[in-house]
**Student:** 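There's a structure below that I have some questions on.
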Amino acid sequence: MDEENDLAVIQLKDKTTPKDKYVFSIPSADPLENYSYIDKILKSIYKDKNENIFMIGFNLGPALALTSEGLKAQVNKGNISQKQDTRLLYSIPALPGSSGSPVINSEGELIGVNHAGINQTQSFNYGIRVKHLRKLFE
């Protein structure tokens with residue numbers, strides 16, 4: 001548990017993930033800092049894997065997510081505007097209910113977890129970097 005960042009790791013009693021659920025892996029190396037050889041080539045000729053980031057979540061919980069086809073997550077796109085040691089500031093719009101949502105890069109790598117919006121701003125939110133999550137698991 002990390003009270004400063006309002007994060008907790010939870011585990012089911014049987015220590016297994018339901019078969020129909022996807023779980024993001026917590027990489028040992030931060031994808032914002034770790035680039036494979038292919039990533040470096042693509043970055044130099046095409047684009048950086050961390051140029052566009054995405055948040056998958058439930059803005060306003062069931063109020064927006066409940067559709068005639070069931071619960072549907074929203075996927076919102078943005079860019080990182082600032083990186084700190086444990087936090088990211090990004091331009092992904094989010095509403096209450098998005099806390100804990102995964103933030104991924106264009107390769108589908110988990111780069112953070114949405115934490116909170118910043119009052120009196122539009123579309124700027126911050127998350128906790130995946131390298132900080134790794135420390136919680138250790």
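Since the structure is predicted, the reported quantities are computational estimates derived from the model, not experimental observations. One-based numbering along the sequence shown.
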**Student:** When rounded to the nearest 0.5 angstrom, what is the spacing between CG in Asn76 and OG in Ser98?
**Tutor:**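 So the gap between those two atoms works out to 7.5 Å.
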**Student:** For Asp39, check side chain to side chain contact (heavy atoms under 4.5 Å, CB included) against everything at least two apart and list the hits.
**Tutor:** Tyr35, Ser36, Lys49
**Student:** Applying side chain to side chain donor-acceptor pair (under 3.5 Å), name anything that partners Ser101, two or more places apart in sequence or on another chain.
**Tutor:**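 None.
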**Student:** CG of Leu89 to CG of Asn125: how many Å apart, nearest 0.5 Å?
**Tutor:**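 The CG atom of Leu89 sits 8.0 Å away from the CG atom of Asn125.
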**Student:** Once you round to the nearest 0.5 Å, how far does CG of Asn105 lie from CG of Asn50?
**Tutor:**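 It comes to 4.5 Å.
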**Student:** Given the rule in the side-chain contact (heavy atoms from CB on, under 4.5 Å) test, do Val113 and Val130 qualify, once you have shown the distances and angles that lead to the verdict?
**Tutor:** CA-CA 7 Å; Val113 173; Val130 73; over 6 Å; no
**Student:** Only counting residues at least two apart or in another chain, list the ones meeting salt bridge (charged side-chain N to carboxylate O under 4.0 Å, His left out) with Lys131.
**Tutor:** Glu33, Asp85
**Student:** Apply ring-ring contact (aromatic ring centres under 6.0 Å, His included) to Tyr22 and list each qualifying residue two or more places apart in sequence or on a separate chain.
**Tutor:** Phe24
**Student:** Output all residues satisfying side chain to side chain donor-acceptor pair (under 3.5 Å) with Thr16, sequence neighbours left out; order by chain, then residue number.
**Tutor:**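 Thr16 satisfies side chain to side chain donor-acceptor pair (under 3.5 Å) with Asp14 once adjacent residues are dropped.
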**Student:** Could you tell me the separation between the NE2 atom of His115 and the CD1 atom of Ile128, rounded to the nearest 0.5 Å?
**Tutor:**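 So the NE2 of His115 and the CD1 of Ile128 are separated by 5.0 Å.
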**Student:** Output every pair passing salt bridge (Lys or Arg N to Asp or Glu O under 4.0 Å) with a member in residues 22-31, not counting sequence neighbours, ordered by first then second residue.
**Tutor:**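 Passing the test, one end in residues 22-31: Asp30-Arg129.
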**Student:** Any side-chain donor-acceptor pair under 3.5 Å between Tyr126 and Asn114?
**Tutor:** no
**Student:** What residues, two or more places apart in sequence or in another chain, satisfy side chain to side chain contact (heavy atoms under 4.5 Å, CB included) together with Ile45?
**Tutor:** Ile41
**Student:** Who pairs with Asn52 by side chain to side chain contact (heavy atoms under 4.5 Å, CB included), at least two apart in sequence or on another chain?
**Tutor:**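 Testing Asn52 for side chain to side chain contact (heavy atoms under 4.5 Å, CB included), a comparison that skips the adjacent residues, returns Lys47, Phe54, Lys77, Asn79.
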**Student:** Got a sec, which residues hit side chain to side chain contact (heavy atoms under 4.5 Å, CB included) with Ala73, two or more places apart in sequence or on another chain?
**Tutor:**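 Per chain and number, Ala73 pairs via side chain to side chain contact (heavy atoms under 4.5 Å, CB included) with Ile56, Phe58.
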**Student:** Per the ring-ring contact (aromatic ring centres under 6.0 Å, His included) rule, what does the pair list look like for residues 60-81, sequence neighbours excluded?
**Tutor:**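 ring-ring contact (aromatic ring centres under 6.0 Å, His included) check on residues 60-81 returns no pairs.
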**Student:** Applying salt bridge (charged side-chain N to carboxylate O under 4.0 Å, His left out), name anything that partners Lys135, two or more places apart in sequence or on another chain.
**Tutor:**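 Salt bridge (charged side-chain N to carboxylate O under 4.0 Å, His left out) check on Lys135 returns nothing, list empty.
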**Student:** Take Ile104 and Ile111 through the side-chain contact (heavy atoms from CB on, under 4.5 Å) test and state the conclusion after the steps.
**Tutor:** CA-CA 5 Å; Ile104 61 173; Ile111 63 166; 5.7 Å; no
**Student:** Return the NZ to CG distance between Lys43 and Asp48, rounded to the nearest 0.5 Å.
**Tutor:**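 That separation rounds to 4.5 Å.
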**Student:** Going by the salt bridge (Lys or Arg N to Asp or Glu O under 4.0 Å) test, which pairs reach into residues 86-107, not counting sequence neighbours?
**Tutor:** none
